Amino acid sequence: QVQLVESGGGLVQPGGSLRLSCAASGFTLDNYAIGWFRQAPGKGREGVSCISSSGGSTNYADSVKGRFTISRDNAKNTVYLEMNSLKPEDTAVYYCAAGGDYTIALMIPTYEYDYWGQGTQVTVSS
């Protein structure tokens, strides 16, 4: 089955850390750029971070810059989002998407990328 699967979400206290994974099955991520998006309760989906197919280019939303780090391990067919210094406003369902370098770099939340995952819940609360 061709799909993206996110994992690593959970409940964490403010200031804590989580590492999200986006794993591909049924296809290889080598030729795809990957974007992370999130949707908080009652809000629209927003772009969080992205990484190019080569891994040589990354981008971050201003709200997470300096706290989140995106990386990829093509040997494991997985992209990661390391999240540090988490805040309550980071609470959301986090999704990953796979697509072309140009369109992923735009981080358009409503775009029909080639693949979308089902999401993983991140809750930051004391």
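Because the structure is a prediction, the values reported are computed rather than measured.
- Identified under the salt bridge (charged side-chain N to carboxylate O under 4.0 Å, His left out) test for residues 30-42, with sequence neighbours left out: Arg38-Glu46, Arg38-Asp90.
- Sorted pairs that involve residues 97-126 and meet disulfide bond (SG atoms under 2.5 Å apart), not counting sequence neighbours, are lacking altogether.
- The minimum heavy-atom distance between Phe37 and Ala97, with the atom names listed, is CE1-CB, 4.0 Å.
- Scanning all heavy atoms of the two residues, the minimum distance from Gly100 to Ala33 falls at O-CB, 3.8 Å.
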* To do: Check the pair Phe68, Leu86 against side-chain contact (heavy atoms from CB on, under 4.5 Å), reporting the backbone distance first and the verdict last.
  => CA-CA 9 Å; Phe68 290 12; Leu86 283 162; 3.9 Å; yes
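- Cluster membership for Ile104 and Tyr115, using ILVMFWY side-chain heavy atoms within less than 4.5 angstrom, is not shared.
- The CD atom of Gln39 lies 12.0 Å from the OH atom of Tyr94; values are rounded to the nearest 0.5 Å.
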* Step by step, work out the side-chain contact (heavy atoms from CB on, under 4.5 Å) result for Ile70 and Val79. => CA-CA 7 Å; Ile70 191 170; Val79 170; 4.0 Å; yes
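- Atom CG in Asn77 sits 7.0 Å away from atom CZ in Phe27 (nearest 0.5 Å).
- Although no hydrogens or angles enter the test, the distance criterion places a donor-acceptor pair under 3.5 Å between the side chain of Ser25 and the main chain of Gln1.
- Across every non-hydrogen atom of Gly56 and Ser52, the tightest pair is N-OG, 3.3 Å.
- Here the side chain of Ser49 pairs a donor or acceptor atom with the backbone of Asn59 at under 3.5 angstrom.
- The cluster map of Ile, Leu, Val, Met, Phe, Trp and Tyr, joined by side-chain heavy atoms under 4.5 Å apart, puts Leu4 and Val122 in the same cluster.
- Within the structure, the salt bridge (charged side-chain N to carboxylate O under 4.0 Å, His left out) test picks out no pair touching residues 98-123 (sequence neighbours left out).
- Here the shortest heavy-atom pairing between Pro14 and Ser126 reads CD-N, 3.7 Å.
- Leu20 is connected to Val48 through a chain of hydrophobic side-chain contacts under 4.5 Å among Ile, Leu, Val, Met, Phe, Trp and Tyr, so both are in one cluster.
- Applying the disulfide bond (SG atoms under 2.5 Å apart) test to residues at least two apart or on different chains, the pairs with a partner in residues 38-123 are Cys22-Cys96.
- The neighbour count for Lys65 NZ, taken as heavy atoms of other residues, nucleotides or ligands under 6.0 Å away, is above 12.
- A donor-acceptor contact shorter than 3.5 Å links the side chain of Arg67 to the backbone of Ser85.
- The hydrophobic cluster containing Val64 does not contain Tyr95, counting ILVMFWY residues as joined when their side-chain heavy atoms lie under 4.5 angstrom apart, directly or transitively.
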* Hey, mind stepping through Leu18 and Val124 against side-chain contact (heavy atoms from CB on, under 4.5 Å) and telling me if it holds? -> CA-CA 10 Å; Leu18 284 174; Val124 185; over 6 Å; no
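- Note that CG of Leu11 and CD of Gln121 are 9.5 Å apart. Values are rounded to the nearest 0.5 Å.
- When all heavy atoms of Ser21 and Thr78 are compared, the closest pair comes out as CB-CG2, 4.0 Å.
- Hydrophobic clustering (side-chain heavy atoms under 4.5 Å, transitive across Ile, Leu, Val, Met, Phe, Trp, Tyr) keeps Trp36 apart from Trp116.
- Counted within 6.0 Å of CD on Gln118, heavy atoms from surrounding residues, nucleotides or ligands total 12 or fewer; the atom is thus considered open.
- Going from atom OH of Tyr60 over to atom CG of Leu81 covers 7.5 Å, rounded to the nearest 0.5 Å.
- Legend: residues meeting side chain to side chain donor-acceptor pair (under 3.5 Å) with Asn84, ordered by chain and number and at least two apart, are Ser17.
- Both cation-pi conditions hold for Arg19 and Tyr80: the charged atom is under 6.0 angstrom from the six-membered ring centre and inside a 45 degree cone around its axis.
- Here Tyr32 pairs with nothing under the side chain to side chain donor-acceptor pair (under 3.5 Å) rule; sequence neighbours left out.
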